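Written out below as C-alpha cells is the structure these notes cover.
All heavy atoms count here, side chains included; hydrogens, waters and symmetry mates do not. All values reported here derive from a predicted model rather than from experimental measurement.
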Amino acid sequence: MRAHDPRMDVSENGMQPALPGPGRVLLDQFGYQLRLLSRAPRAAFSAFLLPVLLLAAFHLSGSYSGSAGLALVGGLTAFGVIMTGYATHAGGVVAARERGVLKRLRGGPLPPWAYFSGSILATTTLCLLSATVTLLVARMLGTQVRLAEVPALFLVTLLGALSWAALGTAVTAFIPDVGSAGPLLSATYLPVVFVSGVFVPVAFEPGWLVTLASWLPAEPFIHALSAVLKTGGPGIPMPPAGDVLGSALWAVVGIYVALRHFRWEPRGGEHKGASGLAEKKAVAR
Amino acid sequence: MEAKAEAKAISVSGLTMSYGGHVALVGVGFEVGVGETVAILGPNGAGKTSTVEILEGFRRRSGGQVSVLGEDPGEAGRSWRARIGLVLQATSLDEQLTVREELSLYAGMYPNPKPVDEVLDLVGLAGEADRRIGTLSGGQQRRVDLGLGIVGSPELLFLDEPTTGFDPAARHAAWEAIERLCAGGMTVVLTTHYLEEAERLADRVVVVADGRVVADASPGEVGGLAGRGSLVRFPVPEGVGLPANLAADATLEDGWATLATDDLAPVLGELLDWSREREVDLNRLTVGRPTLEDAYLALTTGMNTGGSHEGA
C-alpha cells in the first residue's frame, strides 16, 4: 500500500496549483542563459577580447583615423556583435542540443517560446555589452563617440544582435553535431562579414560584390553603425531607415526558419534514441 | 494492489510504430496502475525506447491507443508535461551550472515543485549542491538527472536506464533513492538492462522483443515463465559421463551440468546413485527457482538483439 499520492497535492480550494506565468518563465530562462554565457570562455573571447584586440592592433598600426577610422570602429563593433550573436550563440545551442539538454527542456512544461526568447534576449544583452565595451575602448583610443549618438547606436546594435541571434538559432537545424559546428558557422559568417565592410569599406570592392553584400545580413548592420558614428555635428542622429529595415527583415527570416526547422533532440552521438536510429536506418534504405 | 488495479496511469493497446519500411512496434499493449513500478525489458532494438518515447510524448505513434495520465501524449500540453518526470537514457545537464542552480531552474518551471534541499537529500547530493555539474563524477551527474526528474513532484516518472554506468555502490544508492520515491506513491516506468534492478524495484515486468510484448507479469511470475519449476546445477568431473537417465535433459558447459525439472525427487535420486557409483563430489550441487534472467533469456533468445546501439 502506497502511503501518499502526489496527485492529492492540491491547493486549499481544491484546484491544482497553476503553472508559472509567462513573465516568470521568460525571466528564469533569460537569467539561466545569461548565466551560461557568463561562464563560457568563448563568449568572453568573441564579445570582448577579440574586438578590443583588433581595435588596439589597428590603432597601433596607424590605419585608424578620420572617417575611415570611424567606419573601422563601426565594423569592429559589428564584428564582435555578429561573432557573439551568431557563432557563439549557435555553438551553445548545438552543444546543449547534443548533450540532451534541449530534449529534457522540451520534455518538461517549459513553453518553447520561452526558451527561444530567453536565449535570444540573453545573447542580445551580451551583444549590447560587447558593443558598449568596444565603443568605450575606441573612445579611449581617441575616436569621437558622442553621447547624442548613443540612442541610435543602441537601436542599431539591438536590431543587429536580434537578427544575428535569430539567424544563429535557425542555422543550428542544419548543423549535425558539435564537431562540425565551428567550421560550419565560420564558413557561413566570416565570408559574409568580410565582404560587408568590417575591415575594408565596401567602396573598394567590385560592383557585383557590393550588390551581393547589400542583400546579406551583415552589410545593413555594419553600414548603419558606421553611418551613425560618422554623422558628426549637433543633434541626435538617426540610423539609415533602409539599414534598419534590412536588419529587421533578417531577424524575421531567422525567427521564421528557426520556428520551422529547429531541432530539440540530438542528431548524433550518445544521446541518439532508438527511434532516431531506426529513422536514420529507414532513410538510408 | 486492488487500488492499483482500479486506477490506470498508463494504458496502451495495439500500439504500432513504423519508420519508413522499418516496423519497430507491432500491436504493443499493457497497462500501468497508479503507484505501480513497471520495468520494461528487452534486447537492444526490441522497441523499448520507441515505446517509452511515445509515452513521454517525444514520438508520434503510427497506430493504436495510448493514454498517459488520462491524455494522449502526442496531443498533451504543458499541464500534462508538468505531471510527468523524465530521466533520459544519457546524462543531459548544463555542466557550467552548480547542482543547486540546475535544480532551482527546473523547479521554477513546475506548479508544485519539491524544495530543492529535499531533492538534494533524496538523491544524496546535499554535500555537492554548490559544485559545478561538470566537476562531478558520472554517477553523481546521473543522480542530478534523477533529481531533475523528480523536482517537479511528478505523478509519473520515466526512468530510462537510470543506473547504466554506475559502480555497484552507486547503483544501490540510486535504487534506495528510487525506492523512497516509490514509497511516496509515485508511478514509475523503468527501462533497464539490469535484471537485478528490475527484480528489486519493479512490481511488474513487461518484456518486449521484436516489437511485441512477450511477457507481462510480476518478476516472480515471469521467472516461472522460464518453464520447469526447479533448476539443478551440479559439477561433472572430466572424463565422467552424465547420468544416463538425465543426459537427454541436461546441458553441460565448463564442467557444470544444468537441468530443469518439475519433479525434483527422482532427479535427485538419480544424481545420488550416479555420485556414489562414479565417486563424484556433489557438495557444490545447487537447486533453485528459475530467475528473471533465466526467463528473460528464454523469452528473448533468437529474437532481435539489434546489434546496434538502439538504446534500451
Would you check if A:Arg99 and B:Leu93 make a side-chain contact, meaning some heavy-atom pair closer than 4.5 Å? no
With chain A, which of B:Phe158, B:Tyr110, B:Trp80 has the greatest number of heavy-atom pairs at distances under 4.5 Å? B:Tyr110
Any idea which of B:Asp145, B:Asp94, B:Val52 has the most non-hydrogen atom pairs under 4.5 angstrom with chain A? B:Asp94
If you define the side chain from C-beta out and look only at heavy atoms, does anything of B:Val208 sit under 4.5 Å from B:Leu41? no
Can you tell which part of A:Leu102 gets under 4.5 Å to a heavy atom of chain B, answering side chain, backbone, both or neither? neither
Anything under 3.5 Å between a donor and an acceptor, one on a side chain of residues 77-95 of chain A, the other on a protein residue two or more places apart or in another chain? List them.
{"residue": "A:Thr77", "atom": "OG1", "partner": "A:Val73", "partner atom": "O", "Å": "2.7"}
{"residue": "A:Thr84", "atom": "OG1", "partner": "A:Ser46", "partner atom": "OG", "Å": "3.4"}
{"residue": "A:Thr84", "atom": "OG1", "partner": "A:Ala47", "partner atom": "N", "Å": "3.4"}
{"residue": "A:Thr84", "atom": "OG1", "partner": "A:Gly80", "partner atom": "O", "Å": "2.7"}
{"residue": "A:Tyr86", "atom": "OH", "partner": "A:Thr188", "partner atom": "OG1", "Å": "2.7"}
{"residue": "A:Thr88", "atom": "OG1", "partner": "A:Ser46", "partner atom": "OG", "Å": "2.8"}
{"residue": "A:Thr88", "atom": "OG1", "partner": "A:Met83", "partner atom": "O", "Å": "3.4"}
{"residue": "A:His89", "atom": "ND1", "partner": "A:Thr123", "partner atom": "OG1", "Å": "2.8"}
{"residue": "A:His89", "atom": "NE2", "partner": "A:Thr169", "partner atom": "OG1", "Å": "2.8"}

Contacting moiety of A:Arg24, where chain B heavy atoms sit under 4.5 Å: side chain
Are the side chains of A:Gln29 and A:Leu110 in touch, meaning some heavy atoms are under 4.5 Å apart? yes
Looking only at side chains, do B:Ser50 and B:Tyr19 share a donor and an acceptor under 3.5 Å apart? yes
If one checks every heavy atom of B:Glu56 against chain A at 4.5 Å, the contacting part turns out to be neither
Measuring only between side-chain heavy atoms, which start at C-beta, is B:Leu136 closer than 4.5 Å to B:Arg131? yes
Could you check if a side-chain atom of A:Leu159 sits within less than 4.5 angstrom of a side-chain atom of A:Phe221, using non-hydrogen atoms only? no
B:Leu148 versus chain A, heavy atoms under 4.5 Å apart: side chain, backbone, both or neither? both
Applying a criterion of heavy atom separation less than 4.5 Å, what residues of residues 100-109 of chain B form contacts with chain A? B:Glu101, B:Leu105, B:Tyr106, B:Gly108, B:Met109
Looking only at side-chain N and O atoms, does B:Asn112 offer a donor or acceptor that is under 3.5 Å from a partner on B:Ser153? no
Applying a heavy-atom distance below 4.5 Å, give me the residues of residues 33-42 of chain A that approach chain B, sorted by number. A:Arg35, A:Leu36, A:Arg39
Using only atom types and a distance under 3.5 Å, with no angle test, would you say the side chain of B:Arg180 pairs donor to acceptor with the backbone of B:Leu122? yes
Sorted by first residue and then second, give each ring pair (Phe, Tyr, Trp, His ring centres under 6.0 Å) pair with at least one member in residues 104-138 of chain A; sequence neighbours left out. A:Tyr115-A:Trp264, A:Phe116-A:Phe262, A:Phe116-A:Trp264
What's the separation between atom OG1 in B:Thr49 and atom CD in B:Glu161, rounded to the nearest 0.5 Å? 6.5 Å
Within this structure, what is the CD1-CG distance for the pair B:Ile178 and B:Leu146, rounded to the nearest 0.5 Å? 5.5 Å
